[in-house]
Amino acid sequence: MSIQFYNTKSRQKESFNPIAAGKVRMYTCGPTVYDYAHIGNYRTFMFEDLLRRYLEFRGLEVTQVMNLTDVDDNTIRRSRERGVSLSELTDEFKTAFHADLKTLNIQPAHHYPAATQYVAEMIQMIQDLESKGFAYKSDDGSVYFEIDKFNDYGKLANLNPEEMVKAERVSDDSYEKEGARDFALWKGYKEEDGEVQWDSPWGKGRPGWHIECSVMSTELLGNHFDIHCGGVDNIFPHHENEIAQSVCSTGEAFVNYWLHSEYLLVDNKKMSKSLNNFYTLRDLMNQGYPADAIRWMLLTTHYRQKLNFSVKRLDEATKAVNRLREFVDKLKSYDRNGSASAKIQVEEAESSFTAAMDDDLNISGGLAAIFDLVRWGNKAMDDGDLSGSGALSLSTLMDRFDHVLAVLRMDSGLEQEFDAAFIEARIAERKQARANKDFALSDTIRDELAEQGIELIDTPEGTKWKVK
Ligand code: AMP
Ligand code: ZN
């Protein structure tokens, strides 16, 4: 059987066939870096991690892009409230985000483009849309996408064409489905934007949120790629608008599979900043909940089902992770040699895990296959029936499963955030070393930082650094 995913666009499960055989290009909408991400956000990022890890388990080579929204209504508002520059604010939360991903053992994406690095390309796409007749300028120097010009507008979110509000427009980045109308590609400068502004053919201003993802995805993955993900709240208007922008600008198909994860809830309400019912990773870890339990809790409910956050679930998660770890430890120290080779059990476990996960990432089915194997293996070891080579093949399979679950070897503590002052000091030492022509020392400093996941970029304005 082939891998099947529920495609939001067709509202049914479809066989997954990547555009290039064996290779998957996926774009995952990233965080808006104006605050710590909450564990509701991490539910979506965890689903994307599971998706990627499972595709890799199935032998596919995945290229993942995750953007960082570092300019939008929220980031600008917060930086003004705090009295700091936009980049000061967003740098702090970009760093925190990368540390959280490490803590949760989420694989790093291959690219983390930040919106502010792609404004020139955004202006280009908007000009393109304007020249093709899909966009128009308003009196305040903003540019809007005219949804009437795109026949497929509303197909992703299944909008009723009768309900779309014609001849009106919306400049906010977020709005409700009922209020579908022309949306801002470029926002003319307003007083409240402070220092945040770029020159453009329409005067100074800044990009809208939706154009950011159309540009960064196509720049890094090509006009037409395989998978685009996010939480269900991204379906409308964000992803609907991305499709409109990308298809109308490139004239090509945009994304083949749209996958969306359901909400993490608190007392049956969406966990969100606006409802102030959220927990950050740090909140939970400061209360003594280990990272592996949080990972397990977020991972083990099917991504299209709502998940109610509870402390009880975290306790159960700890037990489940411990059960797997104890099993693997026991296999590794098993020193008897019975007659059971475990061949059939290993084959069965792998095939039922794969069959379940192929079915739109049915994680409960996948875990049932693993825990059946654990039960059988524990008994075979307790009875001394298991052969030495059987123990080895069980532990090899558990390692393969752990490429997907990624809990066996993860630490339970909080990852260090990168210490910007330390990195800056090392960069200064390297500059001095280069001035002294001590290139060996300069290389050592670069290599040491690289080992800690920091990449140095030499620019005409000096050396910059980023998290790899
Ligand atoms: P944001 O930083 O608001 O742009 O959100 C980042 C990601 O988290 C988006 O893909 C959202 O759809 C997702 N998200 C936000 N709240 C939740 C939630 N309570 N449960 C699951 N995903 C969420
Ligand atoms: Zn996006």
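Quick note: residue numbers are just sequence positions, from 1. Note that the coordinates shown come from a computational prediction; the quantities given were computed from them, not determined experimentally. Both ligands and their constituent atoms are indexed starting at 1 by order of listing.
For an aromatic pair to be called close, the ring centres must be under 6.0 Å apart, and F134 with F150 fails this. Separation of the F353 and F57 ring centroids falls under the 6.0 Å cut-off.
A donor-acceptor contact closer than 3.5 angstrom is absent between the side chains of H210 and H239. Defined by atom type and a distance below 3.5 Å, a donor-acceptor pair is missing between the side-chain atoms of D315 and T318.
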Run Q107 and E56 through side chain to side chain donor-acceptor pair (under 3.5 Å) and show every step you take. CA-CA 12 Å; Q107 290 196 108; E56 289 172 349; 3.0 Å; yes

Worked verdict on D100 versus Y42 for side chain to side chain donor-acceptor pair (under 3.5 Å): CA-CA 9 Å; D100 282 3; Y42 286 119; 2.9 Å; yes

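N234 OD1, 3.5 Å is the protein heavy atom nearest to atom 9 (C) of ligand 1. Protein heavy atom closest to atom 15 (C) of ligand 1, with residue, atom name and distance, is N41 ND2, 3.2 Å. For atom 19 (N) of ligand 1, the closest heavy atom belonging to the protein is M271 O, 2.8 Å. Nearest protein heavy-atom contact of atom 21 (C) of ligand 1 is G40 O, 2.9 Å. Counting only heavy atoms of the protein, atom 11 (C) of ligand 1 lies nearest to D233 OD1, 3.3 Å. In terms of protein heavy-atom proximity, atom 20 (N) of ligand 1 is nearest to L264 N, 2.8 Å.
For atom 22 (N) of ligand 1, the nearest non-hydrogen atom from the set L298, T44, N277 comes from T44. The residue among D72, L307, T32, I235 with a heavy atom at the shortest distance from atom 1 (P) of ligand 1 is T32.
Remark: distances from the non-hydrogen atoms of F45 to ligand 1 include one below 4.0 Å. Note on ligand 1: E262 sits in its first shell, one or more heavy atoms being nearer than 4.0 Å. Ligand 1 lies within reach of H38, whose nearest heavy atom is under 4.0 Å from it.
Metal site remark for the Zn ion (ligand 2): C213 contributes an N, O or S atom at a distance under 2.8 Å. Here C29 meets the criterion, with an N, O or S atom under 2.8 Å of the Zn ion (ligand 2).
Screening D140, D193, D73 for a side chain to side chain donor-acceptor pair (under 3.5 Å) involving K187 leaves a single residue, D73. For the ring-ring contact (aromatic ring centres under 6.0 Å, His included) with F16, the lone residue among Y54, Y6, F5 that qualifies is F5.
Judged by a 6.0 Å distance limit and a 45° cone about the ring axis, K273 is positioned over the six-membered ring of Y34.
For ligand 1, one of its N or O atoms has an N or O atom of G231 under 3.5 Å away.
For ligand 1, the atoms closer than 4.0 angstrom to any heavy atom of Y263 are 18 (C), 20 (N), 21 (C). Close approach of ligand 1 to P31 is summarised as follows: ligand atoms under 4.0 Å from at least one heavy atom of the residue are 2 (O).
Taking the six-membered ring for Trp and thresholds of 30 and 60 degrees, F254 and F225 have ring planes more than 60 degrees apart, a perpendicular arrangement.
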